[in-house]
Amino acid sequence: MAIGDEVLNKFTQDTVEDTAPKSDRRLKVGIIGTGWIAESHIESYLRMPDVDIVAAADLIDGKAEAFMQRYGVEGVRFYPSHKEMLENEKDLDAVSVCTYNATHAECTIAALKAGVNVLLEKPMCVTTEEAVEICRAEKESGKVLSIGFQPRFDANMQMIKKIVESGALGEVYYIQTGGGRRRGIPNSTFIEKRTAGIGALGDIGCYSLDMVLNAIGYPKPLTVSGYTSDFFGTSLEYSAPENACRFNVDDFAAAFVRLEGGIILDFRIAWAMHIDSPGDTIILGKKAALRIPSTDCWNGSVGGAMTLYHDVAGSQCETKIPILENRGPGLFDKKIRSFLDSVLYGTPSPVPSSQILYNQAIIDGICKSAAVGHEIEIDIPEI
């Protein structure tokens, strides 16, 4: 067996897990917010044999009704807000929170306090303070809270974590990560602070951060020096007039973050820029390094075969880690199923808030550092 094969064999694809429910119990689910991301939630819920969608809430009159009609779901009770839903639906097992970023915290905290399990879409919220309040409400309620990071279930993302945890890299000391789009600014509610709170940072930056932070065990962030800009979103040369005039979030962000354990995180993310990618993700360890190719549009996976750079008997070697196939259900279905199983069996949250709190603190720290123009400490209160 060649040396490269010996290394590669340590990182073969795992057997597919069974994602079918193992209980006869039926779960009553409500959806808060019926915008575009709720489409993925309902489509996935409808593929789950143990789920009944019983309630929906949306601030826009008639929107939830039209949403359910489009999917042919009958027997749903409709409400003008999450408050009315939670006050009247006493038997809800779980809700998906699919609202604007700016209302994630409010809706999630209310659901947890009402004794309902929550699947919260990403980003977790807007500020560190909101994230802390969400975590405290979760702790007090004893309910399941999972954050909507479906890339966690991608075989290639899991391989990154497997490589780091194997010790192949040795002690990790530096990470370069990020990504983005040459042109890819969304519109609608994504581009205003009153609804989104944050721009590219929250939309795709949270994914990029989770990819590497999850791999290294989510060390606590200590300090951040951040930068944000909005050159493209506010420009009539690149944005439609009706969007440019209301654009007031970030379309590019960069940061230098110090993590516990002496790890440095060099991060950047973009909705728009004059280049196809700000670079591959690189994880440097004292024994080896891993290069993770970027994608054209950050989509929760990798852009090609990963490369492990290591020394063997004094020689510099490179081992290609081939792209892995995502077998079984789609990533969104795996996200939904893992949440439902946690509700059914009382198992730990598949994407715990205790981790994503650190993700949110970095995002918020970048914004706060950019506003003051210098490095700041990241303060995360005890939960």
Tell me the closest heavy-atom pair linking [X] and [Y], and the distance in Å.
{"X": "Ile363", "Y": "Leu201", "answer": "CD1-O, 3.6 Å"}
{"X": "Ile204", "Y": "Ala270", "answer": "CD1-O, 3.5 Å"}
{"X": "Met68", "Y": "Ala56", "answer": "CE-CB, 3.7 Å"}
{"X": "Ile323", "Y": "Ala305", "answer": "CG1-N, 3.8 Å"}
{"X": "Cys98", "Y": "Gly33", "answer": "CB-O, 3.5 Å"}
{"X": "Met124", "Y": "Leu357", "answer": "SD-N, 4.0 Å"}

Taking atom [atom1] of [X] as the centre, report whether more than 12 heavy atoms of other residues, nucleotides or ligands fall under 6.0 Å from it.
{"X": "Glu165", "atom1": "CD", "value": "yes"}
{"X": "Tyr100", "atom1": "OH", "value": "no"}
{"X": "Glu242", "atom1": "CD", "value": "yes"}
{"X": "Asp311", "atom1": "CG", "value": "yes"}

- [ ] Go through the steps for Phe231 and His274 under the test ring-ring contact (aromatic ring centres under 6.0 Å, His included), then give the verdict.
- [x] CA-CA 11 Å; Phe231 302 136; His274 283 304; over 10 Å; no

Could you check whether any side-chain N or O of [X] sits under 3.5 Å from a backbone N or O of [Y], counting only pairs where one atom can act as donor and the other as acceptor?
{"X": "Ser166", "Y": "Ile163", "value": "yes"}
{"X": "Thr99", "Y": "Cys107", "value": "no"}
{"X": "Arg183", "Y": "Met273", "value": "yes"}
{"X": "Lys122", "Y": "Asp203", "value": "yes"}
{"X": "Glu89", "Y": "Ala55", "value": "no"}
{"X": "Thr108", "Y": "His104", "value": "yes"}
{"X": "Glu130", "Y": "Val126", "value": "yes"}
{"X": "Arg258", "Y": "Ile263", "value": "no"}
{"X": "Asp266", "Y": "Gln176", "value": "no"}
{"X": "Ser353", "Y": "Cys135", "value": "no"}

With the threshold set at 4.0 Å, does a side-chain nitrogen-carboxylate oxygen contact exist between [X] and [Y]?
{"X": "Arg47", "Y": "Asp333", "result": "yes"}
{"X": "Glu121", "Y": "Lys335", "result": "yes"}
{"X": "Arg70", "Y": "Glu43", "result": "no"}
{"X": "Lys113", "Y": "Glu140", "result": "no"}

Task: For Asp276, all residues meeting salt bridge (charged side-chain N to carboxylate O under 4.0 Å, His left out), sequence neighbours excluded - done: none

Would you please name every residue forming a ring-ring contact (aromatic ring centres under 6.0 Å, His included) with [X], sequence neighbours left out?
{"X": "His41", "answer": "Phe332"}
{"X": "Tyr71", "answer": "Phe67"}
{"X": "Phe153", "answer": "none"}

Open item on the list: Does anything in residues 357-383 form a ring pair (Phe, Tyr, Trp, His ring centres under 6.0 Å)? List the pairs, not counting sequence neighbours.
Closed with: none

Open item on the list: Using the rule side chain to side chain contact (heavy atoms under 4.5 Å, CB included), only one of Ile366, Asp250, Val249 pairs with Ile198; which is it?
Closed with: Asp250

Do [X] and [Y] come close enough that some side-chain heavy atom pair is under 4.5 Å?
{"X": "Ile134", "Y": "Cys125", "result": "yes"}
{"X": "Arg337", "Y": "Leu340", "result": "yes"}
{"X": "Met306", "Y": "Met159", "result": "yes"}
{"X": "Asn187", "Y": "Ile185", "result": "no"}
{"X": "Leu27", "Y": "Val343", "result": "yes"}

Task: Verify same cluster id: Phe256, Ile283 (apolar side-chain graph, 4.5 Å) - done: no

- [ ] List the steps, then state whether side-chain hydrogen bond (donor to acceptor under 3.5 Å, both in side chains) holds for Ser96 with Tyr45.
- [x] CA-CA 10 Å; Ser96 278; Tyr45 281 132; 2.7 Å; yes

Open item on the list: Using the rule salt bridge (Lys or Arg N to Asp or Glu O under 4.0 Å), only one of Arg77, Lys28, Arg25, Arg26 pairs with Asp52; which is it?
Closed with: Arg26

TODO: Anything under 30° is parallel, anything over 60° is perpendicular, the rest tilted; go ahead and classify Phe190 against Trp271.
DONE: perpendicular

TODO: Check step by step if side chain to side chain contact (heavy atoms under 4.5 Å, CB included) holds for Thr307 and Leu290.
DONE: CA-CA 6 Å; Thr307 304; Leu290 183 68; over 6 Å; no

Open item on the list: Test ring-ring contact (aromatic ring centres under 6.0 Å, His included) on Tyr207 and Phe149; report intermediate values, then the result.
Closed with: CA-CA 7 Å; Tyr207 280 146; Phe149 283 76; 5.7 Å; yes

Open item on the list: With rounding to the nearest 0.5 angstrom, report the NZ to OG1 distance, Lys368 to Thr228.
Closed with: 14.0 Å

Hydrogens and angles aside, do [X] and [Y] bring a side-chain donor and acceptor to less than 3.5 Å of each other?
{"X": "Lys63", "Y": "Thr34", "answer": "no"}
{"X": "Asp364", "Y": "Thr128", "answer": "yes"}
{"X": "Thr189", "Y": "Thr195", "answer": "no"}
{"X": "Asp93", "Y": "Asn117", "answer": "no"}
{"X": "Tyr79", "Y": "Glu87", "answer": "no"}
{"X": "Ser208", "Y": "Thr177", "answer": "yes"}

Contacts under 3.5 angstrom, residues 216-225 side chains, donor-acceptor by atom type, not counting sequence neighbours:
unit_1	atom_1	unit_2	atom_2	d
Tyr218	OH	Asp210	OD1	2.7
Tyr218	OH	Asn359	ND2	3.2
Thr223	OG1	Glu375	OE2	3.2

Task: Lys143 and Glu138: CA distance, side-chain angles, deciding distance, salt bridge (Lys or Arg N to Asp or Glu O under 4.0 Å) verdict - done: CA-CA 6 Å; Lys143 293 298 177 179; Glu138 176 194 14; over 6 Å; no

TODO: Apply the test side chain to side chain contact (heavy atoms under 4.5 Å, CB included) to residues Arg246 and Asn243: give CA-CA distance (whole Å), side-chain angles for both, the deciding distance (0.1 Å), then the verdict.
DONE: CA-CA 6 Å; Arg246 62 190 183 94; Asn243 290 334; 3.4 Å; yes

- [ ] Would you check, one step at a time, whether the test salt bridge (Lys or Arg N to Asp or Glu O under 4.0 Å) holds for Arg136 with Glu133?
- [x] CA-CA 5 Å; Arg136 286 174 175 165; Glu133 290 307 309; 3.2 Å; yes

